[in-house]
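Remember, it's a predicted structure, so these values are computed and weren't measured experimentally.
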Amino acid sequence: MKPIPVTPTKMQDFKTCPSMFNAKHVAKTHKDVQGEAQIWGEQVHTHFENYINDGTDLPKELQSHRKYLNVLLAKPGHFWCEQKIGLDTKGRPCTWFVPWVFWRGKMDFLKISPEGIAPRTATAVDYKTGKVKQDFSQLMWYAIWTFAAHQDVELINAQFYWTKTEEVSKQVYGRDDIPKLWNHFLPDLRQYKEAFTTDTWQPRPNGLCKGWCPKNDCPFWSSKR
């Protein structure tokens with residue numbers, strides 16, 4: 001079985017529980033119910049995108065985020081919002097729906113500094129509406145793609161912006177870090193490919209088993225109560 005394209009969310013599901021991953025993304029026998037937190041997160045992303053792209057004012061409950069967004073806007077250079085990005089199996093940029101895409105992502109904000117200013121730097125941002133977590137895997141993927149798509153970029157300032165606390169978590173990556181970035185993902189990618197090759201999806205009991213996992217016919221699943 002050919003592996004389906006990886007995304008940060010799909011890889012997290014796979015690492016959490018291959019059985020859950022299979023039910024949601026391969027066999028598609030179960031699916032998550034969209035909750036209020038997810039709906040709110042999508043609304044926040046839309047409001048931020050509209051504010052950055054065309055100056056549409058933020059609603060009252062999001063006004064405090066103007067300060068951070070204005071900092072992004074003030075940086076010199078060209079920017080993109082909610083950009084759909086992809087990589088092929090050789091690590092080259094590609095579009096989402098070509099047959100050879102192996103990884104897909106959606107970058108909330110990317111700005112590249114102007115030409116002629118050395119070193120040429122990219123600012124890559126992902127907005128997070130949940131709890132603060134110090135896992136930079138998603139930003140590492142964005143760094144890999146940015147280095148591949150923008151060959152003159154030497155440094156990437158990668159950031160999570162946590163809307164609940166208005167905190168920023170940062171990592172800076174240079175071109176010398178590219179092998180390290182790939183090596184971070186290779187063990188998981190090998191396991192991912194092996195699961196498809198053998199069609200083996202072992203359950204991995206975890207905290208989501210208590211009513212949060214959509215695969216409620218799993219022997220490890222239990223009610224929230």
Engineer: At what distance, to the nearest 0.5 angstrom, does NZ of Lys215 lie from NZ of Lys24?
Structural biologist: 13.0 Å
Engineer: I want to check something: taking the side chain as every heavy atom from C-beta on, are Phe102 and Pro3 in contact at a cut-off of under 4.5 Å?
Structural biologist: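 Not touching, per the 4.5 Å side-chain cut-off.
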Engineer: Look up atom SG in Cys209 and atom CG in Asn216, then write down how far apart they are to the nearest 0.5 Å.
Structural biologist: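 Reported to 0.5 Å precision, the distance equals 12.0 Å.
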Engineer: Nearest 0.5 Å please: distance from the CD atom of Gln134 over to the CD atom of Gln171.
Structural biologist: 8.5 Å
Engineer: Quick check: does any side chain N or O of Trp96 sit under 3.5 Å from a backbone N or O of Arg104, one acting as donor and the other as acceptor?
Structural biologist: no
Engineer: Nearest 0.5 Å please: distance from the CZ atom of Arg120 over to the CD1 atom of Ile112.
Structural biologist: 6.5 Å
Engineer: When you look at Trp182 and Ile144, which way does the side chain to side chain contact (heavy atoms under 4.5 Å, CB included) test go after all the steps?
Structural biologist: CA-CA 8 Å; Trp182 275 112; Ile144 289 172; 3.5 Å; yes
Engineer: So Trp141 and Leu87, do their side chains get closer than 4.5 Å, heavy atoms only?
Structural biologist: yes
Engineer: If we ignore hydrogens and angles and just use 3.5 Å, is the side chain of Arg175 paired with the main-chain N or O of Phe147 as donor and acceptor?
Structural biologist: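 Yes, the answer is positive, given that a donor and an acceptor are paired below the 3.5 Å cut-off.
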Engineer: What pair of heavy atoms forms the shortest contact from Trp40 to Leu62, and how long is it?
Structural biologist: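 That would be CZ2-CD2, 3.7 Å.
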Engineer: Has the side chain of Asp88 got a donor or acceptor atom that lies under 3.5 Å from a matching backbone atom of Arg92?
Structural biologist: yes
Engineer: Can you find a pair of side-chain heavy atoms, one from Pro8 and one from Trp103, that are under 4.5 Å apart?
Structural biologist: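 Side-chain contact under 4.5 Å: yes.
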Engineer: Using the test salt bridge (charged side-chain N to carboxylate O under 4.0 Å, His left out), find all partners of Lys15 that sit at least two apart in sequence or belong to another chain.
Structural biologist: Asp188
Engineer: Is there a path of hydrophobic side-chain contacts, each under 4.5 Å between heavy atoms of I/L/V/M/F/W/Y residues, joining Phe136 to Val132?
Structural biologist: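 Shared cluster, yes.
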Engineer: Establish whether Leu181 and Ile156 are linked, either directly or via other cluster members, by ILVMFWY side-chain heavy-atom contacts under 4.5 Å.
Structural biologist: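 As far as the 4.5 Å side-chain criterion goes, Ile156 and Leu181 are connected within one cluster.
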Engineer: Has the side chain of Lys75 got a donor or acceptor atom that lies under 3.5 Å from a matching backbone atom of Lys111?
Structural biologist: no
Engineer: With heavy-atom distances below 4.5 Å as the criterion, would you say the side chains of Met140 and Asp177 are in contact?
Structural biologist: no
Engineer: Quick check: do Val101 and Thr95 have side-chain heavy atoms less than 4.5 Å from each other?
Structural biologist: no
Engineer: Spell out, yes or no, whether Ile52 and Val44 are grouped together once hydrophobic residues are joined by side-chain heavy atoms under 4.5 Å, including indirect joins.
Structural biologist: yes
Engineer: For Thr56, enumerate each residue passing the side chain to side chain donor-acceptor pair (under 3.5 Å) test, keeping only those at least two apart in sequence or located in another chain.
Structural biologist: Asp54
Engineer: Do Met107 and Trp145 come close enough that some side-chain heavy atom pair is under 4.5 Å?
Structural biologist: yes
Engineer: So which atom in Tyr173 and which in Ala143 form the shortest heavy-atom distance, rounded to 0.1 Å?
Structural biologist: CD1-CB, 3.7 Å
Engineer: Say whether, by atom type as modelled, one donor and one acceptor occur between the side chain of Glu154 and the main chain of Gly174 under 3.5 angstrom.
Structural biologist: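 No, Glu154 side chain to Gly174 backbone: no donor-acceptor pair under 3.5 Å.
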Engineer: Might you point out which heavy atoms bring Val26 and Met1 nearest each other, and give the distance in Å?
Structural biologist: CG1-SD, 3.8 Å
Engineer: Name the one of Thr46, Asp57, Asn70 that satisfies side-chain hydrogen bond (donor to acceptor under 3.5 Å, both in side chains) with Tyr51?
Structural biologist: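 Answer to the side-chain hydrogen bond (donor to acceptor under 3.5 Å, both in side chains) test with Tyr51 among Thr46, Asp57, Asn70: Asn70.
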Engineer: Which heavy atom in Lys128 sits nearest to a heavy atom in Phe160, and how many Å separate them?
Structural biologist: CE-CE2, 3.5 Å
Engineer: Counting C-beta onward and ignoring hydrogens, is there a side-chain heavy-atom pair between Leu189 and Met11 closer than 4.5 Å?
Structural biologist: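 When only atoms from C-beta onward are counted, Met11 and Leu189 do touch, with a gap below 4.5 Å.
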Engineer: Can Gln138 and Tyr142 be said to form a side chain to side chain contact (heavy atoms under 4.5 Å, CB included), step by step?
Structural biologist: CA-CA 6 Å; Gln138 187 172 356; Tyr142 292 169; 2.8 Å; yes
Engineer: I'd like to know if the side chain of Tyr192 and the backbone of Ile4 have a donor-acceptor N/O pair within less than 3.5 Å.
Structural biologist: yes
Engineer: Distance from Cys213 atom SG to Phe220 atom CZ, nearest 0.5 Å?
Structural biologist: 12.0 Å
Engineer: Evaluate Leu72 against Phe79 for side chain to side chain contact (heavy atoms under 4.5 Å, CB included), listing each step before the verdict.
Structural biologist: CA-CA 9 Å; Leu72 297 181; Phe79 69 83; over 6 Å; no
Engineer: Please identify each residue that fulfils ring pair (Phe, Tyr, Trp, His ring centres under 6.0 Å) with His65, with sequence neighbours left out.
Structural biologist: Phe48, Tyr161
Engineer: Counting only heavy atoms not in Asp176, do more than 12 sit closer than 6.0 Å to its CG atom?
Structural biologist: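 Counting neighbours around CG of Asp176, 12 or fewer heavy atoms of other residues, nucleotides or ligands fall under 6.0 Å, so no.
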Engineer: Do any N or O atoms from the side chain of Thr29 and from the backbone of Ala27 form a donor-acceptor pair under 3.5 angstrom?
Structural biologist: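 Not at all, since once roles are kept as given, no pair shorter than 3.5 Å links the two residues.
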Engineer: For the residue pair Leu58 and Gln63, what are the closest heavy atoms and their distance?
Structural biologist: O-NE2, 2.6 Å
Engineer: For the pair Trp80 and His78, name the ring-plane relationship: parallel under 30°, tilted 30 to 60°, perpendicular over 60°.
Structural biologist: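 Perpendicular: the ring planes of Trp80 and His78 meet at over 60°.
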Engineer: Which heavy atom of Pro119 sits nearest a heavy atom of Ser113, and at what distance?
Structural biologist: O-OG, 4.4 Å
Engineer: Can you tell if the side chain of Glu194 reaches within under 4.5 Å of the side chain of Arg190, non-hydrogen atoms only?
Structural biologist: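 No, their side chains stay 4.5 Å or more apart.
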Engineer: Can Tyr68 be reached from Leu73 by stepping across I, L, V, M, F, W or Y side chains whose heavy atoms are under 4.5 Å apart?
Structural biologist: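 In one cluster with Leu73: Tyr68, yes.
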Engineer: Would you give the length of the straight line joining atom CG of Leu69 to atom NE2 of His47, rounded to the nearest 0.5 angstrom?
Structural biologist: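 Separation between the atoms: 12.0 Å.
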Engineer: Show your reasoning for whether side chain to side chain contact (heavy atoms under 4.5 Å, CB included) applies to Ile85 and Lys106.
Structural biologist: CA-CA 6 Å; Ile85 57 179; Lys106 191 174 184 182; over 6 Å; no
Engineer: Mind checking whether Phe196 and Trp201 have ring centres under 6.0 Å apart?
Structural biologist: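 So the answer is yes for these two rings.
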Engineer: Is a side-chain donor or acceptor of His184 paired with a backbone partner of Lys180 at a separation under 3.5 angstrom?
Structural biologist: no
